[in-house]
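Notes follow once the structure below has been shown.
Chain naming here is simple, since letters A, B, ... match the order of the sequence lines and numbering starts at 1 in each. All values derive from a computational prediction rather than experimental measurement.
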Amino acid sequence: MTERIHVGVAWPYANGPLHLGQIAGAYLPADIFARYNRIIGNEVLMVSGSDLHGAPITIRAERENTTPEAIGAKYHAEFLDCWERLGISFDLFTTTGTDNHREVTQDIFLTLMRKGYLYRDSMLQAYCPSCGRFLPDRYVQGICPNCGSPNARGDECESCGKPLDPVDLNNPRCAVCGGTPRFEQSEHFFLKLSALQEELAAWVGGNSHWRQNVMGSTRGFIDEGLRDRAMTRDINWGVPVPVEGFENKRIYVWFEAVIGYLSATKEWAHLQGDDAAWEKYWKEDAKIYNFIGKDNIFFHTLSWPATLMAYGGLNLPYDVPANEFLTIQGQKLSTSRNWAVWLTDYLERYDPDALRYYLTAVMPETQDSDFSWEKFVRRNNDELVATYGNLAHRVLTFCHRHFGGVVPDSGELDASSRQLLDEAEQAIGDIGDALGRCSFKEALRTAMSTAQKANRYLDEQAPWKSIKQSKDEAARSVATVLGVLSALSTGLYPILPFSSEKLHASLGFSGSVLERGWKMVLPAAGQVLRQPQPLFVKLDEAVIEEETARLGQS
RNA sequence: GGCAGCGUAGCUCAGUGGUAGAGCAGGGGACUCAUAAGCCCUUGGUCAUUGGUUCAAAUCCAAUCGCUGCCA
């Protein structure tokens with residue numbers, strides 16, 4: 001039975017380059033999941049886009065004497081290039097800056113207003129007279145009332161970790177100009193989350209398939225009691241509030257960016273030439289998955305579902321497989337200290353599948369995990385190259401040397417050959433099962449263990465020995481392993497698409513792995529093999545030192 | 001501070017009531033088709049700590065410590 005699967009991925013902020021934490025946390029798992037669902041025949045739509053709004057991008061633009069549009073455009077182009085090179089297969093990667101997104105957002109805003117889920121109230125806001133604008137919480141600095149630290153931010157004191165309100169700071173100052181802000185009442189629209197408390201609790205309770213971390217923190221918010229929150233901001237960059245008197249305000253980015261999942265679907269439908277096609281995913285039977293990092297669980301399991309419930313008639317997320325964080329060589333990622341591995345840098349120097357392999361192997365599914373160049377090189381060389389790449393290479397070169405570069409006739413299979421092929425076929429099923437549950441690490445382990453079994457089998461069979469006595473016996477074991485390789489090219493396709501296609505072609509198949517589908521297809525006797533080329537490149541140990549030296553350098 | 005997740009071998013992790021596991025790294029061996037890869041054997045753990053429930057706890061409960069995130 002085919003299903004409709006909507007894969008929505010966190011909207012990256014177009015304020016700087018992508019780093020490996022974002023890839024491991026959201027984009028790679030989303031892509032693996034989307035590829036798997038496509039190959040098993042599901043109807044898949046994978047969308048996301050650049051988040052162009054919010055205060056940081058405007059402040060950066062001022063500092064660099066440019067416009068928010070220019071910064072957004074630069075990084076949006078860079079993101080698109082990265083997806084292409086890393087094989088992140090979006091059906092549409094748009095931006096929050098489109099007319100379509102504005103229209104969809106404003107429609108939702110006005111509908112919620114009309115239904116009473118958005119109401120006016122006023123709140124105290126810091127206003128900087130010398131900058132002539134209201135300041136977001138984090139742009140007010142001052143002395144922490146809790147620990148006395150002189151550089152506490154209005155949202156949080158970094159030195160004692162306590163969350164703060166800008167009005168609590170002693171001697172507040174504007175983080176941009178250093179001037180003294182004053183606090184003024186400002187009118188905003190509040191989302192009536194409190195009114196949806198029961199409905200949300202019931203819905204969350206029915207989602208027992210959610211991950212521990214997602215369910216735990218979502219339940220925590222509900223038990224605490226949901227509070228109404230402002231969904232507009234005193235800022236002049238973003239989606240305009242479609243209400244008279246709010247010309248100098250904009251819709252809050254977290255209210256608006258998640259609407260992108262819906263607006264992007266509408267944009268995709270329009271580009272397909274079928275404006276109603278979005279309804280297949282949002283009104284008809286479909287499962288919506290949102291791949292995100294653990295930092296924005298609240299917005300995806302409560303705030304956005306509340307918006308959808310209030311609007312009415314649209315599908316809610318089916319699953320929100322949020323990942324934990326990736327540290328870099330034992331330390332937290334830090335953009336300001338340049339403690340990060342930037343995706344563009346990686347892609348300039350190494351293969352996409354090597355990264356996809358390593359990041360899947362250490363994917364932070366249940367706890368924070370660590371990226372290190374040493375482990376990257378080690379796992380590439382000792383696992384990916386040695387276990388999988390070498391398996392393909394040793395068998396393919398053997399075929400060229402002894403069987404004229406064609407698939408030999410296996411003849412009647414003996415018990416161990418039959419068993420290995422059964423296990424390979426079973427592995428495809430198990431991998432699929434794991435991928436369907438978003439257990440990506442488990443899927444990879446299953447695949448690699450199949451490659452290992454094939455290596456063991458080869459050593460037992462030793463066709464390099466048997467060929468001296470019986471060409472048929474050697475043909476049988478070699479043909480068997482070619483079958484396992486074919487199975488692996490399928491089973492690993494969602495995770496390692498580039499090398500899977502390469503192996504598929506090396507095995508003499510035409511077309512693509514994707515077209516062939518999620519099944520084991522044995523290469524036919526006589527099928528012409530391509531001249532084998534190594535699937536993966538072995539990395540020089542010097543890479544570890546070179547790359548480690550780059551960390552933390554400005 | 002509150003809430004949530006996590007803490008198992010040197011590393012990455014699996015294991016949710018029944019004799020502590022895998023891969024990689026380390027040590028040894030036999031082989032040689034292969035990117036000096038693969039295969040076999042092997043060293044290695046007070047399952048964060050303390051207490052409790054149970055015939056039986058890595059697993060359930062409580063407290064403590066540590067790491068990360070969130071506090072919209």
So what does [X] hit on the nucleic acid, given a heavy-atom distance under 4.0 Å: a base, only sugar-phosphate, or nothing?
X: A/Leu396; result: nothing
X: A/Asp459; result: base
X: A/Leu226; result: base

Can you figure out which of [options] approaches the side chain of [X] most closely?
X: A/Lys294; options: B/A14, B/C31, B/G69; answer: B/G69
X: A/Asp295; options: B/A37, B/A34, B/G69; answer: B/G69
X: A/Pro534; options: B/G38, B/U35, B/C6; answer: B/U35
X: A/Lys441; options: B/A37, B/C13, B/A34; answer: B/C13
X: A/Gln212; options: B/U35, B/C40, B/U16; answer: B/U16

- Considering only the P atoms, how many Å lie between B/C6 and B/G26, rounded to the nearest integer?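 Pairwise P distance, B/C6 against B/G26, rounds to 32 Å.
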- Message: What's the gap between B/U59 and B/U16 when it is taken at their C1' atoms, as a whole Å value?
- Response: 5 Å
- Task: Please step through ring-ring contact (aromatic ring centres under 6.0 Å, His included) for the pair A/Phe376 and A/Tyr346, ending with a clear verdict.
- Result: CA-CA 12 Å; A/Phe376 168 71; A/Tyr346 176 91; 5.7 Å; yes
- Name the pairing partner of B/C71, where a pair is Watson-Crick or G-U wobble with both distances under 3.5 Å, or state none. B/G1
